[in-house]
Amino acid sequence: MSYPQDGHGFFTRALDAEDRGRLDEAETAYQQAIVLFEEEGDAEQEQAACHYNLGHLYLGMNRPGRAVTAYERALQLFRRSAGSGRHQARTHLILGSLLLEMERPREAEEHLLDALGQYLDAPHEPVDQAQCHVNLARVYEQGARTSQAVTAYNRALDFYQEAEDTAAEQAECFTALGRLHEAAGRMLESGSAYAAAARLRRAAGRPPLGEDPAEEPAGGEEHPADREPPGGADAARDTGLVEGEDRP
């Protein structure tokens, strides 16, 4: 396939290579697209999309440090682009989730709080906002900030309840709440939370904790390239479109 020899051409080349699983080729094409977009001088939205997609690409290549750098650069460029509030929120969410996995909770908390701030101006999918609160709750748990963790899990539940097919995610929140209440000696609240988790697990077709799980399909470990970004499937890639613009 022939591609134009400009930033958009290399961006498309990168997307196609990524779709075919040629990650090294996609990386090179994104980097070339960045160089060409930089030469244009006023293509910050396009540069941001390249760095954002590189972040996802590096996650698939199991290079989390490079992913963090790419997402941070994307965020810098999104901040300079009008109408990019949702992109900023999503990038903050991905960075916060990724940094939490990398055991950098202080930085994770900053990004997750920034994501919530962006959501106030650019409301996004309830599941994204719920995941933001879940990860904040995990940060608070690690710091023994129990009351804040309880508040964050309850806030996550508020958002999950706005979305369909989130029974399993709600069950995880109630399980965490049961654990926190139990550790604090609030046994009535703990029992209620565990009971709610059990009901939701059954609704989601999963056994309550402590029971033998149903037989699952055989399979090996997940390949890094099959992983979703920490922000979820909707955060996977940017097509390069300005927010609100229709695909040609």
Side-chain angles (χ1 to χ4, degrees), residues 7 11 14-15 18 23 26-27 29-31 33-34 37-38 42-139 152 155-156 159 163 224-225 227-245 247:
F11 187 90
L15 291 175
E18 193 172 354
L23 303 188
E27 178 187 12
Y30 279 130
Q31 290 172 342
I34 290 169
F37 284 136
E38 286 177 346
D42 59 350
E44 291 181 343
Q45 181 83 17
E46 290 81 359
Q47 292 179 56
C50 289
H51 286 287
Y52 181 90
N53 288 2
L54 274 172
H56 178 50
L57 192 70
Y58 289 136
L59 287 181
M61 300 167 78
N62 199 25
R63 296 161 69 182
R66 295 291 296 273
V68 167
T69 300
Y71 284 127
E72 288 177 338
R73 180 56 180 152
L75 189 57
Q76 292 173 352
L77 291 161
F78 281 138
R79 285 172 175 156
R80 285 151 44 183
S81 302
S84 64
R86 290 190 178 185
H87 287 91
Q88 291 183 55
R90 187 178 296 152
T91 308
H92 277 302
L93 171 56
I94 295 172
L95 276 167
S97 306
L98 179 56
L99 289 165
L100 181 59
E101 292 178 1
M102 297 171 68
E103 299 183 353
R104 294 161 61 179
R106 288 189 179 181
E107 296 166 84
E109 181 180 4
E110 291 179 6
H111 280 290
L112 294 167
L113 290 173
D114 284 341
L116 291 178
Q118 288 293 330
Y119 289 138
L120 294 175
D121 297 326
H124 202 51
E125 293 295 328
V127 170
D128 280 10
Q129 298 188 65
Q131 187 61 52
C132 195
H133 284 287
V134 166
N135 285 331
L136 270 174
R138 292 172 58 199
V139 169
R155 195 74 182 103
F159 284 107
R227 297 175 186 165
E228 293 178 358
D234 200 33
R237 292 194 307 184
D238 195 296
T239 61
L241 299 175
V242 177
E243 188 168 333
E245 180 181 354
R247 181 189 294 273

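Each residue takes its place number in the sequence, starting with 1. As a basis for the values below, the full set of heavy atoms in this structure was taken, side chains included, without hydrogen atoms, waters or symmetry mates.
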Considering only heavy atoms from C-beta outward, does the side chain of Y30 approach that of L15 to under 4.5 Å?
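Yes, their side chains come closer than 4.5 Å.
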
Least distance between heavy atoms, [X] atom then [Y] atom:
| X | Y | result |
| --- | --- | --- |
| L93 | Q131 | CD1-C, 4.4 Å |
| L98 | P64 | CD2-O, 4.1 Å |
| Q118 | A89 | CB-CB, 3.6 Å |
| L54 | Q31 | CD1-CG, 4.4 Å |
| Y52 | A74 | N-CB, 3.6 Å |
| A33 | F11 | CB-N, 3.9 Å |

Got a second to check how far [X]'s [atom1] is from [Y]'s [atom2], nearest 0.5 Å?
| X | Y | atom1 | atom2 | result |
| --- | --- | --- | --- | --- |
| E72 | H51 | CD | NE2 | 12.0 Å |
| N135 | I94 | CG | CD1 | 11.5 Å |
| S84 | R90 | OG | CZ | 11.5 Å |
| L57 | E18 | CG | CD | 5.0 Å |
| Q129 | Y119 | CD | OH | 6.0 Å |

Go through the steps for M61 and E27 under the test side chain to side chain contact (heavy atoms under 4.5 Å, CB included), then give the verdict.
CA-CA 10 Å; M61 300 167 78; E27 178 187 12; 3.8 Å; yes

Checking side-chain contact (heavy atoms from CB on, under 4.5 Å) between S81 and each of Q88, E46, Q45, Q47, which is the one that passes?
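The option that passes is Q45.
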
Pair up each side-chain donor or acceptor in residues 108-117 with any protein partner under 3.5 Å, not counting sequence neighbours, and list the distances.
unit_1, atom_1, unit_2, atom_2, d
E109, OE1, R145, NH1, 3.3
E109, OE2, R145, NH2, 3.0
H111, ND1, H92, ND1, 3.0

State which residues pass side chain to side chain contact (heavy atoms under 4.5 Å, CB included) with E107; sequence neighbours excluded, sorted by chain then number.
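Side chain to side chain contact (heavy atoms under 4.5 Å, CB included) list for E107, sorted by chain: L99, R104.
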
Does the Y71 side chain pair with the main chain of H56, one donor and one acceptor, at a distance under 3.5 Å?
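Yes, because the side chain of Y71 sits within donor-acceptor range (under 3.5 Å) of the backbone of H56.
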
Answer yes if the side chains of R73 and Q76 hold a donor-acceptor pair under 3.5 Å, and no otherwise.
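Per modelled atom types, R73 and Q76 side chains form a pair under 3.5 Å.
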
